[in-house]
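This report concerns only the one structure given below.
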Amino acid sequence: MPNIAILLASFAQGMERGDDVNRRQETLALKVKALALTNEFLSEDFSLIGNDAMLATIHLASLEYVWGHEQSLLSHLLGLREMVRLKGGFAGLTDQSMSHSITTATAEILDDISFLVSAIISSPPSPTSKIRGTASWLHSRLQDIDVKPTTDAQIILCITKLTAIVYSKSISTLTPLSLSFNQKLLAELYLFFNFFQPSSLRRWSAIPGIFLWVLLVACPAAGDDHMGRYLRSKMAATRIVLGLENYNLPFAYLRSFWRVQRWIESERELGEPG
């Protein structure tokens, strides 16, 4: 719907200027209009408008996921769930434009990170020297991945690569994330987020598990500027999205992340060299 596209552009413009987009009068007026027109559209025969209605709702949910409020996000997601039910479940979805994929390189990085985390949180954990050696090897390998942020999938790869570089360095050197994610790397992360076009936000919001991991790694070092507040504000929203799929999933993510950080701290206290 054109009004949703205009609203997306207004949100993006506000972010570029460093405005609080949830208090920007122009954006709020456009949001009210877009919601009113969407609700009017949804009153039509769902059998005729089903796919378009779902796409419109996904765009609105993406907006709230990235820039908006948790309650509004939850309302859109519950509405979307009802639409899926009316379509006969996921088997009834035929619109291929909703599909999502990540690159093979992104999947390989995530597999390596998963292996590294498993080595730490297993009972008992692998030997410290082996964990740090694996993290150091991964950190070096990541430097050789050459990718340009020209497509959505490549931007996600760039963000995943950067986060993995910081995470593997933190583990290999037993350095807190607040120090590993220095200001230069944070600026690079913010730049990658700025590469996203408003119309493609639903691709990123379709992978909340990856987004939550990025947030967990970046937030300890994020400042109090508008981008730092933006990253922190997305934590709760991302947990909501994950929880709708599986209530226990966000808690499992947080527990694993916390255990890795505790391992780093305990090894530092034992006097392991950095």
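Remember, it's a predicted structure, so these values are computed and weren't measured experimentally.
- A donor-acceptor pair under 3.5 Å links the side-chain atoms of Ser172 to the main chain of Ser168, judged by distance alone.
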Subject >> Working for side-chain contact (heavy atoms from CB on, under 4.5 Å), residues Ile102 and Leu110 >> reply: CA-CA 11 Å; Ile102 59 176; Leu110 294 171; 4.3 Å; yes
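- Leu254 and Val260 fall within the same hydrophobic cluster, defined by Ile, Leu, Val, Met, Phe, Trp and Tyr side-chain heavy atoms under 4.5 Å apart, directly or through other members.
- Side chain of Ser140 to main chain of Ser136: a donor-acceptor pair is present (N/O by atom type, distance under 3.5 Å, no hydrogens or angles).
- Relative ring orientation between Trp213 and Tyr167 is described as perpendicular, the plane-to-plane angle rising above 60° on a 0-90° scale split at 30° and 60°.
- Gln154 and Thr151 are linked by a side-chain donor-acceptor pair at a separation below 3.5 angstrom, with hydrogens and angles left out of the test.
- With rounding to the nearest 0.5 angstrom, the CD1 atom of Ile131 is 5.0 Å from the CD1 atom of Ile120.
- Trp263 pairs by the ring-ring contact (aromatic ring centres under 6.0 Å, His included) definition with nothing, not counting sequence neighbours.
- Remark: side-chain polar atoms of Lys161 are paired, donor with acceptor, to backbone N or O of Ile145 under 3.5 angstrom.
- At a threshold of 4.5 Å between side-chain heavy atoms, the hydrophobic network of Ile, Leu, Val, Met, Phe, Trp and Tyr places Leu215 and Trp258 in two separate groups.
- Nearest heavy-atom pair across Ser178 and Ala221 is O-CB, 3.7 Å.
- Nearest heavy atoms, Val217 versus Phe181: O-CD1, 3.6 Å.
- Rounding to the nearest 0.5 angstrom, the gap separating the CG atom in Leu174 from the OG1 atom in Thr128 is 7.5 Å.
- Ser180 contributes atom OG, which lies 7.0 Å from atom CD1 of Ile264 (distance to the nearest 0.5 angstrom).
- Linking ILVMFWY residues whenever their side-chain heavy atoms come closer than 4.5 Å, directly or via other members, places Trp137 and Ile113 in the same cluster.
- Across every non-hydrogen atom of Ser170 and Pro176, the tightest pair is OG-C, 4.1 Å.
- Shortest non-hydrogen contact noted between Tyr190 and Gly223 is OH-N, 4.5 Å.
- Between His139 and Ile165, the shortest heavy-atom contact is CD2-O, 3.1 Å.
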Original post:
How far apart are the C-alpha atoms of Leu116 and Asp112, what are their side-chain angles, what is the distance that settles it, and do they pass the side-chain contact (heavy atoms from CB on, under 4.5 Å) test?
Top reply: CA-CA 6 Å; Leu116 187 59; Asp112 288 337; over 6 Å; no
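- A donor-acceptor pair under 3.5 Å is formed between the side chain of Thr160 and the backbone N or O of Ile156.
- Rounding to the nearest 0.5 angstrom, the gap separating the CD atom in Glu108 from the OG1 atom in Thr104 is 6.5 Å.
- Of the possible polar contacts, one joining the Ser266 side chain to the Arg262 backbone as a donor-acceptor pair under 3.5 Å is found.
- Side-chain contact between Lys169 and Thr175 is absent, with no heavy-atom pair separated by less than 4.5 Å.
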Subject >> Full working for side-chain contact (heavy atoms from CB on, under 4.5 Å) between Leu186 and Asn182 >> reply: CA-CA 6 Å; Leu186 274 177; Asn182 59 44; over 6 Å; no
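- No path of Ile, Leu, Val, Met, Phe, Trp and Tyr side chains, each step under 4.5 Å between heavy atoms, connects Phe115 with Val117, placing them in separate hydrophobic clusters.
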**OP:** Could you please spell out the steps behind the side-chain contact (heavy atoms from CB on, under 4.5 Å) verdict for Ile109 and Leu157?
**Re:** CA-CA 9 Å; Ile109 292 173; Leu157 171 56; 3.8 Å; yes
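- When only modelled atom types and interatomic distance are considered, Thr106 and Thr103 share a side-chain donor-acceptor pair under 3.5 Å.
- The distance from atom CD of Gln261 to atom CD1 of Ile171, rounded to the nearest 0.5 Å, is 7.5 Å.
- Here the CD atom belonging to Gln183 is positioned 13.0 Å from the CD atom belonging to Glu188, to the nearest 0.5 angstrom.
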